[in-house]
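Here is the structure we will look at, set down as structure tokens.
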Amino acid sequence: MRPRLVLAATVSTVAALLSLTACGSGSGKSSAADNPYQLAVPGTIRVGTLSDAPPNVFLKDGKFTGFDNDLFTAVAAKAGLKVEFAATDFSALLAEVANHKFDAGSSSITITDARRKTVDFTNGYDFGYFGLDVPAGSSVTSFDQLAGKRVVVVQGTVQDDYATKNGLNPVRVPDYNSALNQLKAGTVQGWISPAEIGEQSAKDSGGKVVLAQTRLSSEPTAFAVAHDRPKLLAALNKGLDEVIQDGTWTRLEEQYYPGRAVPGDFKPGSGTVDYPKVTTASTAPSPGASATS
């Protein structure tokens with residue numbers, strides 16, 4: 001009788017283990033249903049951004065804010081997601097999104113074919129300009145005068161691409177504060193900046209720096225997500241159209257770029273939704289310029 005008792009105990013143990021395995025399997029299916037966007041933390045989207053690029057993306061009183069980040073928070077809310085921002089260098093941002101360190105990237109990222117090889121992009125939510133910042137009193141007043149000059153750019157940005165394509169052999173730095181410090185120190189003769197960031201930096205420089213010229217970028221800016229997150233991409237695009245339609249996009253445009261005219265051919269998001277028109281200044285067709293990285 002003893003062997004039979006042992007066998008019965010063994011069968012009972014195996015049955016219990018199978019029961020636990022089945023429960024585990026069911027739990028896995030439930031988790032997948034609760035986390036359709038494959039986020040590192042279900043219900044919370046972790047976003048890589050910058051901390052030194054006002055008015056687009058910056059820290060204020062310990063909180064990440066700015067046009068891009070406030071817009072992203074509104075878009076995520078439409079998808080029922082909380083947002084957790086974290087600072088990084090722009091040169092690393094797209095790779096960090098691709099390898100899932102971040103679920104998304106928010107930093108006035110200009111869409112380019114080269115960048116599409118690393119990440120996917122949402123529909124465009126803003127247009128942007130290049131800016132040329134120079135020391136006060138400089139004889140350099142336009143992009144056409146940069147040949148042979150020493151210029152600084154933030155590494156990995158479209159300003160870096162522009163400088164390289166135009167044979168300017170730029171000084172590359174990791175962030176915007178470093179670029180501005182180079183200009184203030186006189187170690188460079190110009191900074192090719194995202195225009196709105198360059199304009200704000202000039203205003204904050206106490207007259208040491210001026211924004212000499214702006215130039216419209218040919219491509220819109222967008223949020224970045226990894227190639228293997230199609231459901232997240234679709235949710236962000238849907239949320240983007242919703243905040244455009246409900247007036248949030250217009251309100252943020254007017255808040256962060258007061259008086260700036262929207263190019264007539266620019267349509268935010270999918271381009272299929274109507275939205276309240278942005279109020280522009282009665283003077284100058286484009287008194288401000290948005291930043292683009």
Side-chain angles (χ1 to χ4, degrees), residues 47-72 85-97 102 105-110 112 115 126-136 138 140 143 146 149-164 168 170-215 217 221-224 256-257 260 288-293:
V47 182
T49 187
L50 308 187
S51 61
D52 64 345
N56 293 50
V57 285
F58 61 99
L59 273 173
K60 182 178 181 181
D61 300 327
K63 177 185 177 182
F64 285 96
T65 186
F67 174 79
D68 299 75
N69 287 343
D70 287 3
L71 181 66
F72 191 96
F85 290 106
T88 188
D89 289 338
F90 186 83
S91 60
L93 177 57
L94 298 187
E96 289 171 335
V97 171
F102 299 118
S106 168
S107 182
S108 293
I109 308 166
T110 301
T112 70
R115 289 173 176 175
D126 203 18
F127 54 96
Y129 291 81
F130 291 175
L132 173 59
D133 282 56
V134 298
S138 172
V140 176
F143 288 91
L146 293 179
K149 301 294 192 299
R150 186 174 172 83
V151 298
V152 64
V153 296
V154 173
Q155 184 177 359
T157 62
V158 287
Q159 291 80 37
D160 187 352
D161 294 342
Y162 173 87
T164 302
L168 299 179
V171 177
R172 295 178 175 87
V173 294
D175 54 54
Y176 294 108
N177 281 333
S178 297
L180 181 61
N181 289 337
Q182 290 258 356
L183 199 61
K184 288 180 177 179
T187 55
V188 296
Q189 295 162 287
W191 167 28
I192 303 177
S193 66
E196 190 67 24
I197 296 170
E199 182 178 35
Q200 188 65 49
S201 296
K203 289 178 180 178
D204 295 341
S205 72
K208 296 179 180 179
V209 173
V210 297
L211 180 68
Q213 189 183 36
T214 63
R215 177 170 292 182
S217 174
T221 61
F223 301 120
Y256 287 103
Y257 313 123
R260 185 186 70 163
S290 73
T292 179
S293 301

Least distance between heavy atoms, [X] atom then [Y] atom:
X: Phe85; Y: Asn69; answer: CE2-OD1, 3.3 Å
X: Val158; Y: Thr112; answer: CG1-CG2, 3.9 Å
X: Gly66; Y: Phe58; answer: CA-CE2, 3.5 Å
X: Pro135; Y: Val210; answer: O-CG2, 4.4 Å
X: Ala224; Y: Leu94; answer: CB-CD2, 3.9 Å
X: Asp160; Y: Pro170; answer: OD1-CG, 4.2 Å

Do [X] and [Y] have side chains that approach each other closer than 4.5 Å (heavy atoms only, starting at C-beta)?
X: Trp191; Y: Ile197; value: yes
X: Leu59; Y: Phe64; value: yes
X: Arg215; Y: Ile192; value: no
X: Ser107; Y: Phe90; value: yes
X: Lys184; Y: Val209; value: yes
X: Asp70; Y: Thr65; value: yes
X: Gln155; Y: Asp89; value: no
X: Arg172; Y: Val153; value: yes

Is a side-chain N or O of [X] found less than 3.5 angstrom from the main chain of [Y], in a donor-acceptor match?
X: Gln213; Y: Phe143; result: yes
X: Arg115; Y: Thr110; result: yes
X: Thr49; Y: Ser106; result: yes
X: Ser91; Y: Gly156; result: no
X: Asp52; Y: Asn177; result: yes
X: Asp175; Y: Ser178; result: yes

Item to check | Nearest-0.5 Å distance, OG of residue Ser217 to CZ of residue Phe127 | outcome: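 So the OG of Ser217 and the CZ of Phe127 are separated by 11.0 Å.
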
Checklist entry - Nearest 0.5 Å, what's the CG-CG distance between Leu132 and Leu146? => result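 Here the rounded value is 5.0 Å.
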
Item to check | Val151/Val188 under side-chain contact (heavy atoms from CB on, under 4.5 Å): CA gap, chis, key distance, verdict | outcome: CA-CA 5 Å; Val151 298; Val188 296; 5.8 Å; no

Next on the checklist: Assess the residue pair Leu93 and Ile109 against the criterion (side-chain contact (heavy atoms from CB on, under 4.5 Å)); give the C-alpha distance rounded to whole Å, side-chain angles, the decisive distance to 0.1 Å, and a yes or no.
Outcome noted: CA-CA 10 Å; Leu93 177 57; Ile109 308 166; 3.9 Å; yes

Next on the checklist: Is there a side-chain contact (heavy atoms from CB on, under 4.5 Å) between Glu196 and Glu199? Walk through the geometry before answering.
Outcome noted: CA-CA 5 Å; Glu196 190 67 24; Glu199 182 178 35; 3.2 Å; yes

Checklist entry - Just checking, is any N or O donor in the side chain of Thr221 or Asp126 under 3.5 Å from an acceptor N or O on the other one? => result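 Side chains of Thr221 and Asp126: no pair found under 3.5 Å.
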
Item to check | Distance-only side-chain donor-acceptor flag, Ser108 / Asp68, under 3.5 Å | outcome: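 On atom types as modelled, these side chains qualify, holding a pair under 3.5 Å.
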
Next on the checklist: Just to verify, what does Arg150 make a side-chain hydrogen bond (donor to acceptor under 3.5 Å, both in side chains) with, not counting sequence neighbours?
Outcome noted: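 None.
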
Next on the checklist: How about NZ on Lys208, more than 12 heavy atoms from neighbouring residues, nucleotides or ligands closer than 6.0 Å, or not?
Outcome noted: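 For Lys208, atom NZ is not crowded (no more than 12 foreign heavy atoms under 6.0 Å).
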
Checklist entry - Using the ring of each side chain (for Trp, its six-membered ring), is Phe67 parallel, tilted or perpendicular to Tyr256, with breaks at 30° and 60°? => result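 Correct class here is perpendicular.
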
